[in-house]
Amino acid sequence: MAINQQTNPQTATGMQIYAAAFIEALTNRLIEIDGFARNFTADFRQPGDTLNVPYVEGNTSSEFDAEDNNFCTATTDSLKNVVVKLGSHPIVKFTVTPDMVAAFTPNYWEEKARLNANELADSILKAVAALPVGSKVTNSIQLAKDTCTYEDVIDIAAKADSLNIRTREATLYLANADYHRLLKSLTYSQTGGTSITQGDIGVDFGFRRVVCLPPQITGGGFVGTANLVAIASKPYLGEQQGARGDILVERLLTEPNTGLTVVETLVSNPCTKSTVHNLDCWYGAEIANPKAGLKITHAAA
């Protein structure tokens, strides 16, 4: 999947710059879902539009009993997995114009990559985050209308603990408005002077992380451990999609932390005499274990 020799050298260089910046920006955003169960395969040859996503559950501890020799006895573990349908296919694309090629500037390609990575990440995060606030997760806690304070978060942690959701292994996902309400409510004594950098609240609420959800997610948010949501993805190549025109470039770009793979294509359209750059991701998400989550809502008044 190398760059075709027919590709303009400046376009090829721009694509290399774009790809590097795109993956860097995507990595910064996908940290928000890196704790969930996932199957991000780069094998485009796998048939069908579903993937199995295994998820892990811990085992309980018990007191050693020498008479029962419980080194040799244990409940048989069964591999748990959820079948995820790949039902979403966002694509970000633009026309590579002669002016863009003639006035070649690396920072143009870098900035476009960052913007488009955020666009694609928002699409994925919105779909994933919408699941735990839906009907499949029944555990819930209600906050007062338009409030989210330090004390509220402590109450959320206590509620999660009461449901055997280990907060040290869980992430608190707050809707955009609630995240900023929480920031506004924090005092110096509560933060201990800890700085807030790149959207991370460096305050020990008892959770693994506190994450701000995309603005499209309204309501309160949710608490989730690794086996709450299962996410799956695999490449869907241009030939499979019935791409019109000559494919000048088709290659896979893999985000290193999560393994999510997107397909990059550069297609020449003989009808319009234009060249179009595409990045697309074929994925799906489903609730794996609803008991591993806690939904956060607000009172109506």
Checklist entry - Is any side-chain heavy atom of Tyr236 closer than 4.5 Å to a side-chain heavy atom of Leu86? => result no
How about [X] and [Y]: does a side-chain donor come under 3.5 Å of a side-chain acceptor?
| X | Y | value |
| --- | --- | --- |
| Thr171 | Arg209 | no |
| Gln16 | Thr13 | no |
| Asn257 | Thr27 | no |
| His89 | Asp280 | yes |
| Thr254 | Thr261 | yes |
| Thr225 | Glu169 | no |

Look up atom [atom1] in [X] and atom [atom2] in [Y], then write down how far apart they are to the nearest 0.5 Å.
| X | Y | atom1 | atom2 | result |
| --- | --- | --- | --- | --- |
| Leu248 | Thr265 | CG | OG1 | 9.5 Å |
| Cys281 | Ile91 | SG | CD1 | 11.0 Å |
| Ser185 | Arg181 | OG | CZ | 11.0 Å |
| Thr149 | Leu182 | OG1 | CG | 7.5 Å |
| Arg38 | Leu30 | CZ | CG | 9.5 Å |
| Ser88 | Ile124 | OG | CD1 | 9.0 Å |

Polar side-chain atom of [X] near backbone of [Y] as donor-acceptor pair, under 3.5 Å:
| X | Y | result |
| --- | --- | --- |
| Lys295 | Gly134 | yes |
| Thr258 | Leu260 | yes |
| Thr167 | Ala170 | no |
| Ser233 | Trp282 | yes |
| Trp109 | Met15 | no |
| Asp161 | Ala158 | no |

If you compare all heavy atoms of [X] against all heavy atoms of [Y], which two are closest, and at what distance to 0.1 Å?
| X | Y | value |
| --- | --- | --- |
| Leu213 | Gly221 | CD1-CA, 4.3 Å |
| Ile287 | Val82 | O-CG2, 4.1 Å |
| Val223 | Ala160 | CG1-CB, 4.4 Å |
| Val229 | Ile231 | CG1-CG1, 3.9 Å |

Checklist entry - Going through the distances and angles, do Ile165 and Leu294 end up as a side chain to side chain contact (heavy atoms under 4.5 Å, CB included)? => result CA-CA 8 Å; Ile165 298 172; Leu294 170 65; 4.2 Å; yes
[X]/[Y] aromatic ring centres below 6.0 Å:
| X | Y | answer |
| --- | --- | --- |
| Phe207 | Phe222 | no |
| Tyr150 | Phe205 | yes |
| Phe94 | Tyr18 | yes |

Next on the checklist: Can you tell whether the side chains of Lys136 and Glu286 come within less than 4.0 Å, N to carboxylate O?
Outcome noted: yes
Item to check | Verdict with reasoning, Val137 to Leu228, per side chain to side chain contact (heavy atoms under 4.5 Å, CB included) | outcome: CA-CA 9 Å; Val137 174; Leu228 173 61; 4.0 Å; yes
Next on the checklist: For Arg114, I'd like to know if atom CZ has over 12 heavy atoms of other residues, nucleotides or ligands within 6.0 Å.
Outcome noted: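 Yes, the 6.0 Å shell around CZ holds more than 12 heavy atoms from other groups.
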Checklist entry - Should the heavy atoms of other residues, nucleotides or ligands under 6.0 Å from CD of Glu110 be counted, would the total exceed 12? => result yes
Item to check | For Arg29, salt bridge (Lys or Arg N to Asp or Glu O under 4.0 Å) partners two or more places apart | outcome: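 So Arg29 forms a salt bridge (Lys or Arg N to Asp or Glu O under 4.0 Å) with Glu32, Asp122.
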